[in-house]
Each structure stands twice: as C-alpha cells, then as structure tokens.
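Whatever order the structure lists ligands and atoms in, that order sets their numbers, starting from 1. Remember, it's a predicted structure, so these values are computed and weren't measured experimentally. Heads up: numbering here begins at 1 and tracks the sequence.
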Amino acid sequence: MASEPVARAVAEEVARWGGMRQTGVSLRYMTEFGARPTERNLLLSAQFLHKELPIRIARRALDLDSLPFGLSHKPAVLKVRDWYLDSFRDIRYFPEVSNQDDELAFTQMIKMIRVRHTNVVPTMALGVQQLKKDLGGTKAFPSGINEIHQFLDRFYMSRIGIRMLIGQHVALHDPDPEPGVIGLINTRLSPMLVARLASEDARAICMREYGSAPDVNIYGHPDFTFPYVTIHLHLMMFELVKNSLRAVQERFMNSDKHAPPVRIIVADGAEDVTIKISDEGGGIPRSGLPRIFTYLYSTAEHPPDLDGHNGVTMAGYGYGLPISRLYARYFGGDLQIISMEGYGTDAYLHLSRLGDSEEPLP
Ligand SMILES: Nc1ncnc2c1ncn2[C@@H]1O[C@H](COP(=O)(O)OP(=O)(O)OP(=O)(O)O)[C@@H](O)[C@H]1O
C-alpha cells in the first residue's frame with residue numbers, strides 16, 4: 001500500500017504526463033525502422049517507448065477516473081485503473097535506457113506490462129455490465145450510453161496502440177524471424193491464408209457449440225500479399241466469420257435445407273485491400289443496426305462467464321464488431337456492415353495498403 005504522499009506524488013506525475021503530446025507512428029514507419037533491428041535501433045526504440053508509453057498510459061488512467069454514472073468506482077474498473085497506475089510507475093521509475101543491458105531489462109519490463117494488461121477488455125466489460133445491471137438495463141441511460149461508448153472506443157483504440165508498440169519492440173528481438181517478417185508485421189501477408197486459418201478457428205468454435213458448422217468458401221488471388229499485422233487481421237477475420245457462421249447456423253439449424261456457405265472475397269485495390277464476408281444468415285433488422293457497434297448490446301443469450309472460464313464462445317460480450325472496427329481503423333482502414341433483412345449480411349473490411357496513415361491517438 002503506497003503512503004499518502006507517495007500516492008499524491010504519483011497522481012501529480014500522472015496528471016503531468018497525461019497532459020503531454022502523444023506521438024503516433026505509421027505501419028510504414030514501423031516496417032522501415034524495424035527492417036534493421038540493430039543494437040542501436042533497438043536502443044532508440046526503447047528510448048522512444050520509455051518516453052511515449054507513460055504519456056499514453058497516464059491519459060488512460062486519467063480517463064478511467066472520470067467516467068459517468070459512477071462507472072469509475074466499480075471494482076472492476078478500479079482494478080483496471082490500478083493496472084494502468086502500476087504500469088505507469090514501472091516505466092516512469094525505470095532508469096534511463098543507455099546501453100544494451102538497460103535495453104534488455106527495459107524490454108523484459110514492458111513484456112511484463114503487456115501480460116498485466118491481458119484481461120483489460122473482459123474486466124472493463126464486467127464493470128460496464130455491473131453498471132448496466134445497477135441502472136436496470138441500457139434503456140435507463142440513453143445519453144450515457146453514448147458517452148460510455150465513446151470512452152470505450154478511445155480506451156480500446158489506445159490499448160491497441162500501446163500493445164502494438166510493445167509487441168513490435170519485443171518481437172524485433174526475435175533472432176531468427178521468418179523471411180519478410182518484421183516484428184509483428186508480415187510484409188508478405190497472404191490475406192487468403194489468414195482468411196483460411198481464421199475461418200478454421202471460427203468453424204471449430206461453431207462445431208463445438210452447435211455440433212456442425214457451415215462451409216466457408218474463399219475467393220481471391222492465392223499469390224497476393226501485402227504488408228500487415230497478421231494477428232490483427234486474424235482477429236478481425238475470426239470475429240466476422242464467427243458472426244456469419246452463428247447467423248447461418250441459427251437460421252438453418254432446424255431446417256431441412258442445406259446451410260449455405262459463408263463466402264469471403266479478397267479484392268486487391270491500389271488504395272485498399274478489401275475483404276468481404278457474405279452470409280445468408282437472415283441479416284440484421286435496420287432498426288438494430290445502430291446498436292451493433294456499441295459495447296452495450298449483444299443478442300447472445302448467455303454472456304460468457306465473467307471470470308473468463310468459458311474460453312471463446314460464439315457470442316460473448318458483443319465486442320466483436322466494435323473492437324474489429326478499431327483494429328481496422330488503427331492502420332487507416334474501416335469496417336462496414338450492410339444487411340439485407342430476411343436474407344443475409346455483408347461485412348466489408350477495408351485495409352489501407354499504403355500503410356502511411358498515422359495511428360489515431362485518442
Ligand atoms: N453476420 C451477422 N448476421 C446477423 N447478425 C449479426 C451478424 N454479425 C453481427 N450480428 C449481430 O450483431 C451483434 C453484435 O455482434 P458482435 O460481434 O459485436 O457481438 P457478439 O457476436 O454478440 O459477441 P462477441 O463478438 O463479443 O462474442 C450480434 O450479437 C448479432 O446480433
């Protein structure tokens with residue numbers, strides 16, 4: 001337990017750092033910089049993170065302290081806030097990084113921070129769910145929904161950025177990367193391959209939940225590649241295919257008709273790589289569309305066990321779409337959902353090919 005003056009000193013530091021300017025980087029910059037992970041470059045990267053991470057983390061800690069409807073005081077939210085404060089302290093009080101030994105110790109420390117923050121999303125979801133329960137569902141606070149939604153969008157976007165920066169720095173230490181791989185970035189990523197692997201993962205979950213799973217057909221040029229972060233694309237594709245499988249499965253479960261396959265089309269444009277995920281799962285009513293990107297709505301009957309013991313399920317907190325859209329936007333892309341009620345849904349995932357849009361920094 002920190003003593004009063006220490007706690008006050010930390011609070012002052014957080015306020016000071018939270019007011020400083022954040023510095024964004026682009027996919028292109030990370031690729032070019034990481035192409036030569038020399039000792040000197042790793043040192044420069046660590047020095048940059050030593051300054052940049054506390055700024056980003058402090059902002060989030062301040063944000064977590066000023067949420068509406070008493071959300072800031074929910075035990076789950078306080079827990080998340082403490083993780084941010086601990087990480088702020090760990091980085092701020094880490095001495096200057098001036099040689100290779102410091103750099104390695106710094107890398108270990110930020111790796112540990114990444115682990116500490118693993119469960120931020122479900123823990124925040126728990127806090128929001130507690131609030132929702134207190135207020136008797138989402139109808140009671142329509143204006144607040146917007147405010148909380150915007151906060152969570154900022155918060156999760158920032159988290160994507162922090163984890164990308166840490167993950168990239170840590171991954172640049174890999175002594176034997178695969179050809180074309182620079183940290184977390186695969187300069188020759190095959191969207192067809194990622195689509196296939198993500199579909200297999202989503203089908204496995206569907207199988208486990210329903211005992212069967214619709215087919216997924218993928219169309220596009222098998223040799224086409226572009227630079228992107230494999231784990232980001234995998235995550236987005238997995239979420240979108242999972243939604244489609246669920247919709248199709250639910251619609252055709254008790255029918256004699258064969259479930260129509262989910263179709264994935266990969267298009268390579270000059271500006272964007274666009275991936276369309278089409279299903280015949282019956283679509284989403286137009287009146288429900290504004291809600292699908294919010295963090296406070298899901299049609300899943302039983303949200304997952306809040307301790308996370310359930311593992312991945314077909315439908316959970318209702319975070320799949322909003323979080324996937326943040327990942328797409330993080331590198332300058334976007335996600336759109338077009339529905340034909342009574343027929344099916346098309347998800348358009350746009351990924352910027354140029355890679356020079358800078359991180360959005362809420
Ligand atoms: N392809 C689709 N067809 C029909 N409804 C869909 C489709 N994709 C999404 N939806 C609707 O949008 C809601 C929100 O989707 P989202 O992926 O954000 O959350 P979820 O699937 O409920 O939970 P999670 O993704 O966190 O496990 C879903 O609950 C579902 O009602």
(message) Using a 4.0 Å heavy-atom cut-off, which part of Asp279 comes near ligand 1: side chain, backbone, both, or neither?
(response) side chain

(message) A cation-pi test, strictly: NZ or CZ of Arg325 under 6.0 Å from the centre of the six-membered ring of Phe293 and no more than 45 degrees from its axis. Yes or no?
(response) yes

(request) List, by chain and then residue number, the residues other than Leu104 in its hydrophobic cluster (Ile/Leu/Val/Met/Phe/Trp/Tyr, side-chain heavy atoms under 4.5 Å); write none if there are no others. (result) none

(message) Please classify the Leu321 to ligand 1 contact at 4.0 Å (heavy-atom distances, strictly less than): side chain, backbone, both or neither.
(response) both

(message) Under a 4.0 angstrom heavy-atom cut-off, which atoms of ligand 1 come close to Glu239?
(response) 25 (O)

(message) Would Gly281 count as a polar contact of ligand 1, with the cut-off being nitrogen or oxygen pairs under 3.5 Å?
(response) no

(message) Once rounded to the nearest 0.5 Å, what's the spacing between atom NE2 of His350 and atom CZ of Arg329?
(response) 11.0 Å

(message) I'd like to know whether ligand 1 has Pro322 as a neighbour, heavy-atom separation below 4.0 Å.
(response) yes

(message) Restricting to non-hydrogen atoms, name the atom on Ala202 and the atom on Lys242 that form the minimum distance, rounded to 0.1 Å.
(response) CB-N, 3.9 Å

(request) With atom 9 (C) of ligand 1 as the reference point, say which of Val241, Val262, Asn243, Val248 has the nearest heavy atom. (result) Asn243

(request) Tell me, please: is Lys242 in heavy-atom contact with ligand 1, that is, under 4.0 Å? (result) yes

(message) Below 4.0 Å from ligand 1: does a non-hydrogen atom of Gly283 turn up there or not?
(response) yes

(message) We want to know whether Tyr348 and Asp334 form a side-chain donor-acceptor pair, criterion being a heavy-atom distance below 3.5 angstrom.
(response) no

(request) Just grab all the ring-ring contact (aromatic ring centres under 6.0 Å, His included) pairs involving residues 103-122, residues at least two apart or on different chains. (result) His50-Phe106, Tyr84-His117, Phe94-Phe106

